[in-house]
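Here is the structure we will look at, set down as structure tokens.
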Amino acid sequence: MAGTETHYILPLPRFDKPAKVLIVVAPYYKDIADDLIAGARAVLDEAGVAHDLIEVPGALEVPTAIALAHRQSNFDGYVGLGCVIRGETTHYDTVCNDSSRGLTLLGLQGACIGNGILTVEDRDQAVVRADPARQNKGGGAAAAALHLIALSRKWGSETKGIGFKPVGSFQIAADSEGPASA
């Protein structure tokens, strides 16, 4: 059973300049969302990271809200939170796959996102995963976002120094009549 497994958890990164994270939550199951938020906020507070919270109607809107914020605001990272519990139709599969795919695509485009959208078979699984005193998936999503912010800052400040550089004062002259003949 997954609830009895032990996992290695990376220590939280520390930042030399302030970071700001947006938590985007779909509170469809309000009690579960509240636990996810509590876990995320506790981790962000522990790391000394400022954060804002917005709510969206459902898990499918989480990636869209993050995309809007990523394009139009100054957040360093994002935490997507919500819960999808399997029902009697294939809507569950659509919501799980599309919300996850949306977050993944944003991440591949450079957004630092921790995915805390639970996809579970029943309410009991959701309660255990959301509870900050148990599996704390909200806190785990916040930690993931922080680690990605740290990587982004580490690599974003480096210059690779690769490629060709001209030696001396060699220049290519622009000539309106085309290249000079020898």
Quick one: does T64's side chain get under 4.5 Å of V62's, heavy atoms only? no
I32 reachable from I23 in the ILVMFWY side-chain graph, under 4.5 Å edges: yes
Could you pull out all donor-acceptor pairs under 3.5 Å where a side-chain atom in residues 95-117 meets a protein atom, sequence neighbours excluded?
unit_1 : atom_1 : unit_2 : atom_2 : d
N97    : ND2    : D93    : O      : 3.1
D98    : OD1    : R101   : NH1    : 2.8
S99    : OG     : V95    : O      : 2.7
S99    : OG     : C96    : O      : 3.4
T104   : OG1    : S100   : O      : 2.9
N115   : OD1    : I117   : N      : 2.9

Checking the side chain of E61 only, and the main-chain atoms of G58 only, is there a donor and an acceptor separated by less than 3.5 Å? yes
Side chains of L12 and L146: closer than 4.5 Å at any heavy-atom pair? yes
same_hphob_cluster(L148, W155) at 4.5 Å side-chain heavy-atom cutoff: yes
Taking all heavy atoms of I149 and all of V21, pick out the closest pair and write down the distance. CD1-CG2, 3.8 Å
Are L22 and L81 connected, step by step, through hydrophobic side chains (Ile, Leu, Val, Met, Phe, Trp, Tyr) whose heavy atoms are closer than 4.5 Å? no
Any donor-acceptor pair under 3.5 Å linking the side chain of D76 with the backbone of K20? yes
Which value, rounded to the nearest 0.5 Å, describes the distance between E55 atom CD and L53 atom CG? 6.0 Å
Within the distance-only criterion (no hydrogens, no angle test), does the side chain of R129 pair as donor or acceptor with the backbone N or O of Q125 below 3.5 angstrom? yes
Verdict with reasoning, L36 to K137, per side chain to side chain contact (heavy atoms under 4.5 Å, CB included): CA-CA 7 Å; L36 290 168; K137 296 300 184 179; 4.3 Å; yes
Honestly curious: do V43 and V25 fall in one hydrophobic cluster under the side-chain, below-4.5 Å linking rule? yes
Any side-chain heavy-atom pair from Y29 and R123 closer than 4.5 angstrom? yes
Over all atoms of both residues, closest heavy-atom pair of P63 and L60: CD-O, 3.5 Å
Side chains of V24 and V79 in contact at under 4.5 Å (non-hydrogen atoms): no
Can you tell me how far CD1 of I66 sits from CD1 of I54, rounded to the nearest 0.5 angstrom? 8.0 Å
Listed partners of H70 passing ring-ring contact (aromatic ring centres under 6.0 Å, His included), at least two apart: Y78
Polar side-chain atom of R153 near backbone of K17 as donor-acceptor pair, under 3.5 Å: yes
On a heavy-atom basis, which atom in Y92 and which in E121 lie closest, and how many Å separate them? OH-OE2, 4.3 Å
